[in-house]
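Following: one structure in structure tokens, then a few remarks.
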There are 2 protein chains.
Amino acid sequence: MEPIKILVVDDEPNIRDLLASGLRFAGFSVLAVGNGNDAVTAAEKGNPDLILLDVMLPDMSGFSVTKKLRSMNILAPVLFLTARDEIEDKITGLTVGGDDYMTKPFSIDEIIARINAILRRTKQASVEKSVIEVGEVRIDEDAHDVFVNGESVELSPTEYKLLRYLMENANRVLSKAQILDHVWEYDFNGEMGIVESYISYLRKKLDPLTNEPVLLTKRGHGYMFKSLKKK
Amino acid sequence: MEPIKILVVDDEPNIRDLLASGLRFAGFSVLAVGNGNDAVTAAEKGNPDLILLDVMLPDMSGFSVTKKLRSMNILAPVLFLTARDEIEDKITGLTVGGDDYMTKPFSIDEIIARINAILRRTKQASVEKSVIEVGEVRIDEDAHDVFVNGESVELSPTEYKLLRYLMENANRVLSKAQILDHVWEYDFNGEMGIVESYISYLRKKLDPLTNEPVLLTKRGHGYMFKSLKKK
DNA sequence: AGCAACGTTCAGCATTCTCACAGGTTCTGG
DNA sequence: CCAGAACCTGTGAGAATGCTGAACGTTGCT
């Protein structure tokens, strides 16, 4: 099976590397460049399945890059990255086709979820299903719905992301640092205690509906989503 | 089968030697350097499978090293080492890919376990399975779960590490000094009586579930995990 | 503006863990 | 068979870790 190719375009090396290593670890084949011209060249040669494109680039804007690509008949969907206070209005018009956009700062897991969502929509086969089901809990990625034994559960955005990350790694201990790095935005500067808080929130919502606790504390190591049956 | 190559980067010679000899004995091919510049050079030439990287280096931080490596397209996973008080502030963002981190002081066996965990997740080949099974006892390294004849047993972190070390060396006598060196943190300066205590704890938890004692005392020599069947 | 939902920190509480110690038990050499 | 060595294990103090409710600021919605 061919790996899915992603072209990452961001001028900040930190963000670029963060994205590259995160996406590579998630199984994508990644090519990363730092400006618009290189992006066009790389897209032409590399024929990526998706382009992760910062809107603010040193030489040309992400819009121009997209326009140029389209005129060259390169139709890979684009996931735009933009700072929170930058022009959200102008972006909305651009997310035609399969495109989408995200604001910085983001969490790496959220980026991957969006990428998968886009690829799913643009009829790429071989992309994982939009439903994650482990034991008694089921998540619908498209609708952002969570069900426990058929009963719907309302989760806040952060609760949802945390649960998804834990379920994607079911039956594997995840340290608080790993959870923080994957679920929270990359510029989060707080304490790990917040993970404990959110684990607590999730338990309060999930445990009344499950036959046995699904979120286990592995003292000294971290947390684990447990299910008897394998995924 | 090619040995797995590890690059060790730490400026304290004691720690560096401890790591190097411990990892060599565990079967890895080790290259050890003392600063960030040498690390970059060595990584470039040596093409290691994993990098053990102290965050505090004399010339540049572990972050910069990683950044430099990534920009050179050296994608070996990194296991960061950091003092316990440096942890809380700047550790976030480190474990995005397959990376992980550990706090100093550590135990050498714990380092090896983490290395294997990372290698298991990145390259799936040629790395031992995450399950250690000897006789009636089974350990799941990913979940940190312990089963005796199918029944789950709850162990504290130290109990778990001790049991793992004994099982990795099943049917071989281990002296208390060896156990102390492998299982306890390298700056532990207590008495060996602690080993006796933890052996006792383990027996109290394991013996009720086994058909015959698995932890044998070799008076005057040490302890041994015994199993009739070979692993 | 007012309100509700959310994210974040913090402090107090509870639990668990580590480790030392000490008295008891088993083993071994002479 | 005795004495000393080696080992076992209960007790408890203090530390580490984790849980949770409360408070507060921010954001978005009506």
Side-chain angles (χ1 to χ4, degrees), chain A residues 84-85 88-89 103 105-107 110 144 146 153-163 166 173-177 179-180 183-208 213-224, chain B residues 83-85 87-89 92 103-107 110 144 146 153-163 166 173-177 179-180 183-208 213-224:
Chain A
R84 190 148 290 173
D85 30 349
E88 303 216 357
D89 29 272
T103 58
F106 48 79
S107 76
E110 188 62 14
H144 273 236
V146 179
V153 181
E154 294 295 323
L155 298 183
S156 81
T158 303
E159 289 166 357
Y160 177 82
K161 286 181 230 167
L162 173 58
L163 178 61
L166 290 166
V173 184
L174 301 167
S175 71
K176 286 175 208 169
I179 294 174
L180 218 43
V183 176
W184 268 261
E185 297 166 354
Y186 57 76
D187 67 344
F188 180 78
N189 221 7
E191 301 289 322
M192 294 186 191
I194 195 159
V195 178
E196 297 171 18
S197 287
Y198 270 86
I199 290 282
S200 176
Y201 299 155
L202 274 182
R203 281 183 178 145
K204 214 180 300 184
K205 292 186 177 181
L206 299 181
D207 284 352
V214 289
L215 300 180
L216 303 192
T217 301
K218 295 289 178 173
R219 191 168 241 262
H221 302 282
Y223 297 97
M224 186 179 96
Chain B
R84 214 178 284 274
D85 8 338
I87 291 304
E88 301 292 340
D89 26 286
T92 46
T103 59
K104 292 183 182 184
F106 47 78
S107 75
E110 186 63 12
H144 272 257
V146 179
V153 180
E154 294 295 323
L155 298 184
S156 81
T158 303
E159 288 165 359
Y160 177 83
K161 287 180 226 166
L162 173 58
L163 178 61
L166 291 166
V173 182
L174 301 167
S175 72
K176 283 179 220 173
I179 294 174
L180 220 43
V183 176
W184 268 261
E185 297 168 352
Y186 57 74
D187 67 343
F188 180 80
N189 56 359
E191 299 296 316
M192 287 187 191
I194 191 79
V195 178
E196 298 171 16
S197 287
Y198 271 86
I199 290 282
S200 174
Y201 299 155
L202 275 182
R203 281 180 177 147
K204 208 184 313 185
K205 293 186 177 181
L206 299 182
D207 285 351
V214 288
L215 299 180
L216 304 191
T217 302
K218 296 291 180 177
R219 182 169 266 259
H221 297 99
Y223 298 97
M224 187 178 97

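Worth saying up front: this structure is predicted, and the values here are computed from it rather than measured. Lettering follows sequence order; numbering is per chain, from 1.
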Subject >> Rounded distance [0.5 Å steps], CD1 in B:I199 versus CG in B:L163 >> reply: 9.0 Å
**OP:** Mind telling me whether A:H221 and B:H144 have parallel, tilted or perpendicular rings, with 30° and 60° as the class edges?
**Re:** tilted
Original post:
Quick one: what's the B/S/- string for nucleotides 17-30 of chain C, heavy-atom cutoff under 4.0 Å, read 5' to 3'?
Top reply: SBBSB----BBS--
Original post:
Considering only heavy atoms from C-beta outward, does the side chain of B:L216 approach that of B:V173 to under 4.5 Å?
Top reply: no
**OP:** Of all the heavy-atom pairs spanning A:R203 and A:T217, show the shortest one and how long it is.
**Re:** NH2-OG1, 2.7 Å
Subject >> side chain to side chain contact (heavy atoms under 4.5 Å, CB included) between A:I194 and A:L180, intermediate numbers included >> reply: CA-CA 9 Å; A:I194 195 159; A:L180 218 43; 4.0 Å; yes
Subject >> For chain A, the stretch of DNA chain D it reaches, first to last nucleotide, under 4.0 Å of its heavy atoms >> reply: D:dT17 to D:dG21
**OP:** Would you mind reporting whether A:F188 and A:P105 have side-chain heavy atoms less than 4.5 Å apart?
**Re:** no
Subject >> Check: A:K205 side chain, A:E154 main-chain N or O, donor-acceptor pair, under 3.5 Å >> reply: yes
